[in-house]
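Working notes, beginning with the structure itself.
Chain identifiers are assigned alphabetically (A, B, ...) following the order of the sequence lines, protein sequences preceding nucleic acid strands; residue numbering begins at 1 within each chain.
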Number of protein chains: 2
Amino acid sequence: MSRPTVNDIAKAAGVSLATVDRVLNQRPGVTEKTVGRVNAAIDQLGYVRDVTAANLARQRRYRMTFVLPETPVLFVGTLREAIAEAVRGSASDRTDVRIVTFPADNPHALVRALRTISRANTDGMAIFAPETPHVRDAIARLKADGVPIVALVSDLPNTDRDHFVGIDNVAAGRTAGLLMGKFHGRQPGAVMVLVSSMQARDNVERRLGFDRIMAERFPRIEVLPSIEGHDNDDVTARVVNAVLDNRPDITGIYSIGHGSRALLDLLRARMAPGTLSVVAHELTKVTRDALKTGMFDAVISQNVGHIVRSAIRVLRAKSDGVGIVPSQERIRIEIVVQENLP
Amino acid sequence: MSRPTVNDIAKAAGVSLATVDRVLNQRPGVTEKTVGRVNAAIDQLGYVRDVTAANLARQRRYRMTFVLPETPVLFVGTLREAIAEAVRGSASDRTDVRIVTFPADNPHALVRALRTISRANTDGMAIFAPETPHVRDAIARLKADGVPIVALVSDLPNTDRDHFVGIDNVAAGRTAGLLMGKFHGRQPGAVMVLVSSMQARDNVERRLGFDRIMAERFPRIEVLPSIEGHDNDDVTARVVNAVLDNRPDITGIYSIGHGSRALLDLLRARMAPGTLSVVAHELTKVTRDALKTGMFDAVISQNVGHIVRSAIRVLRAKSDGVGIVPSQERIRIEIVVQENLP
DNA sequence: ATTGACATGAGGTACGTACCTCATTTAGCT
DNA sequence: AGCTAAATGAGGTACGTACCTCATGTCAAT
């Protein structure tokens with residue numbers, strides 16, 4: 001029941017080992033007819049390359065590059081930590097990981113950062129960045145050189161990226177809306193929606209999902225227009241307090257962005273836990289604290305450890321030309337409440 | 001920059017390769033003094049065995065045995081499917097997986113099944129079974145022979161098992177209770193609790209957690225004594241219908257067990273979606289259907305794919321004497337509602 | 001000094017694959 | 001038939017580790 005080896009292929013195809021190697025690795029010097037015979041033997045015997053033996057022979061390293069925004073947003077910090085942890089856990093499997101960052105508000109810096117990444121220093125890239133023409137071009141360049149690309153957290157649907165590792169943000173917004181509606185109860189009320197930036201695709205998609213389900217299933221709850229906090233604590237505090245001052249009928253808050261301390265602080269200063277229904281996104285130190293103390297009711301989350309490991313797995317598989325286990329690489333929309341905090 | 005090899009250890013310790021091999025693999029014929037020198041060199045250079053190269057040299061296979069109950073319970077079916085999927089995905093990494101089953105209601109058959117498992121045919125065992133003295137003995141026997149053991153889904157805390165792969169069921173019950181309370185709203189009411197069997201540890205623990213949080217946070221909701229469905233559709237239908245007939249003030253149902261079709265069918269026959277708040281456990285074909293159609297409000301779930309992969313990873317790591325990534329092997333209590341169905 | 005037991009070293013093969021070199025064979029053209 | 005270019009084969013080394021054999025060295029006892 002042992003696995004066929006290159007020697008078995010050589011015998012079955014009636015050729016030498018050198019010819020098998022040439023066919024397997026697309027090296028020149030083999031006629032089409034012979035290529036056919038070797039490939040037939042490969043199919044017939046169900047040969048699958050032993051990637052670990054090949055990596056040993058080749059001294060293969062997998063150089064993965066993660067491109068991340070530099071931002072005070074805590075969620076990105078959790079991503080960085082997850083990458084650091086993955087690096088520690090992968091020391092023994094030939095994977096080298098580096099992080100390339102760009103200031104979140106500087107598209108030129110992003111362009112410059114992407115320029116430093118090439119086939120010469122990267123075997124796979126995972127990128128969390130907005131979709132711009134420059135990003136599209138950089139991805140096309142790398143792909144043309146055979147570098148697999150994973151879009152991380154926020155999809156880049158109009159690029160040639162190989163895979164998206166993240167959640168469906170429309171569905172995440174719908175999930176948030178369903179919970180808000182159910183937590184809210186049957187009385188009428190108004191829900192404030194706080195976003196980081198309406199430019200960010202994930203914020204837009206989440207709001208879309210939220211609006212849909214609130215309209216479909218909880219029409220007695222008024223959903224207010226989005227207010228933007230720009231991932232800035234002072235701005236957030238100002239705009240949220242303004243709404244709370246002007247709308248005493250507010251019964252819930254949906255925080256769409258990647259989480260900030262300001263919202264938690266101002267809620268703490270104004271009211272007791274449980275006064276409003278609060279649903280937020282992403283599990284960070286702040287949202288953990290808020291869940292524990294009852295200031296937030298639920299956090300819609302994605303497992304950053306899983307995301308990072310998945311990105312690495314997918315990039316390696318693409319590099320090796322082998323398949324992935326689709327269910328393993330599917331990132332789930334997680335609902336976290338006080339009692340199931342991981 | 002490159003990883004030290006056994007040749008580097010030999011040089012640093014001033015001994016031959018054969019001596020390094022003897023020390024690394026605890027072979028006889030080396031003085032304590034020389035062992036010390038070699039181990040010092042290992043520590044100094046930070047040598048880590050290349051397990052994939054060693055496996056190639058040894059033609060190593062990892063023979064994993066999963067011990068599962070035979071039962072109509074759908075959750076166990078999802079476990080089996082997850083194992084089958086993991087087997088397909090692990091064809092290339094030397095892991096052989098087999099399943100040994102025992103009838104769920106037959107402890108003697110379990111004993112017999114465990115007798116067939118030994119160091120001679122197994123390199124690691126994952127077991128989902130009740131904790132009995134016989135199970136304890138079998139685990140002790142296998143452990144004495146160096147076979148690592150993982151308790152699957154239901155912990156075996158009074159055995160020598162190496163690791164538990166599953167969720168904290170008390171916390172799962174608390175999570176269910178929190179959701180039930182929040183979905184329920186502020187009015188008084190009564191919640192029925194349906195269990196598979198009060199003998200099963202996970203059922204007991206979940207009920208414990210549920211009771212605690214209902215008493216702590218939702219004292220206006222009355223929690224009824226458990227009714228047992230014994231994982232039997234006819235029994236379940238009878239006992240649940242009896243309660244619903246006798247208690248028109250029932251406002252919620254908490255289904256603790258591993259899920260059955262009967263509950264869904266009878267609710268369908270009696271009422272429109274959303275009439276009662278229903279919280280159940282485990283994601284199966286039935287509970288998926290119930291969530292999609294709005295008959296159930298939430299399902300507290302554990303990701304069986306993750307569980308199986310985790311068990312295999314942990315057993316392999318134990319076999320190799322290497323560490324695990326704790327956060328990767330932590331199984332989360334997942335909350336699934338209509339909108340975040342995976 | 002001699003002998004015996006144990007420790008250690010040297011050298012070799014093996015695993016599956018990658019990659020290289022050079023000799024031999026084959027096929028096509030003149 | 002002879003020549004040339006391309007295809008193919010044979011043989012070798014390499015990767016890191018496992019595992020084996022046998023020769024050599026060391027040490028203690030007689």
Side-chain angles (χ1 to χ4, degrees), chain A residues 1-42 45-62 91-95 123 319-322, chain B residues 1-42 45-62 91-95 123 319-322:
Chain A
M1 222 59 286
S2 57
R3 295 172 59 187
T5 68
V6 282
N7 286 295
D8 302 320
I9 301 300
K11 282 203 189 70
V15 300
S16 70
L17 202 47
T19 304
V20 171
D21 168 71
R22 289 181 185 120
V23 174
L24 279 178
N25 297 290
Q26 271 99 35
R27 293 201 177 92
V30 194
T31 61
E32 266 189 52
K33 206 168 95 176
T34 305
V35 169
R37 275 175 28 229
V38 172
N39 281 329
I42 288 167
L45 295 188
Y47 170 79
V48 176
R49 190 192 301 254
D50 183 338
V51 173
T52 61
N55 286 344
L56 175 62
R58 297 171 68 181
Q59 293 279 42
R60 176 94 186 260
R61 306 292 305 176
Y62 295 87
S92 59
D93 66 353
R94 302 181 178 277
T95 306
D123 297 308
S319 257
D320 289 334
V322 301
Chain B
M1 212 64 269
S2 58
R3 295 174 58 188
T5 68
V6 281
N7 285 296
D8 302 320
I9 302 299
K11 281 200 189 76
V15 301
S16 69
L17 203 45
T19 303
V20 170
D21 169 69
R22 288 179 186 122
V23 173
L24 279 179
N25 296 290
Q26 272 100 36
R27 294 200 176 92
V30 193
T31 61
E32 267 188 53
K33 201 168 99 178
T34 305
V35 169
R37 274 176 29 230
V38 173
N39 281 329
I42 288 169
L45 294 188
Y47 171 78
V48 176
R49 190 193 301 255
D50 184 338
V51 174
T52 60
N55 286 344
L56 174 64
R58 297 171 66 181
Q59 293 280 38
R60 175 96 188 257
R61 308 291 306 175
Y62 296 85
S92 60
D93 68 353
R94 302 179 179 274
T95 306
D123 297 309
S319 258
D320 290 333
V322 300

Stepwise side chain to side chain contact (heavy atoms under 4.5 Å, CB included) check, A/Val15 with A/Thr34: CA-CA 8 Å; A/Val15 300; A/Thr34 305; 3.9 Å; yes
Ignoring hydrogens, what is the shortest heavy-atom contact between B/Val51 and B/Tyr62? Give both atom names and the distance. CG1-OH, 3.8 Å
Protein-nucleotide distance (A/Lys33, atom NZ; D/dA6, atom P), rounded to Å: 19 Å
With a 4.0 Å cutoff (strictly under), does any side-chain N or O of A/Thr19 reach OP1 or OP2 of D/dT8? no
Check each of B/Val322, B/Asn25, B/Ile42 against B/Arg49 using the side-chain contact (heavy atoms from CB on, under 4.5 Å) test, and report the only one that passes. B/Asn25
Contact pattern, 5' to 3', of nucleotides 10-17 of chain C - B, S or - by protein heavy atom under 4.0 Å: B----BBB
Could you grab the distance from atom CG of A/Leu17 to atom OG1 of A/Thr5, nearest 0.5 Å is fine? 8.0 Å
What's the CZ-C1' distance between A/Arg60 and C/dC19, to the nearest Å? 15 Å
So does A/Thr31 get a side-chain nitrogen or oxygen closer than 4.0 Å to the phosphate oxygens (OP1/OP2) of D/dT8? yes
Rounded to the nearest 0.5 Å, what's the gap from CD on B/Gln59 to CZ on A/Arg3? Could you check? 10.0 Å
Whole-Å distance between C/dC19 P and A/Gln26 CD? 12 Å
For atom CZ of B/Arg27 and atom P of C/dA7, their distance in whole Å: 16 Å
So that I can tick it off, tell me whether A/Asp320 and A/Arg60 are bridged by a salt bridge, with the cut-off set at under 4.0 angstrom between side-chain N and carboxylate O. yes
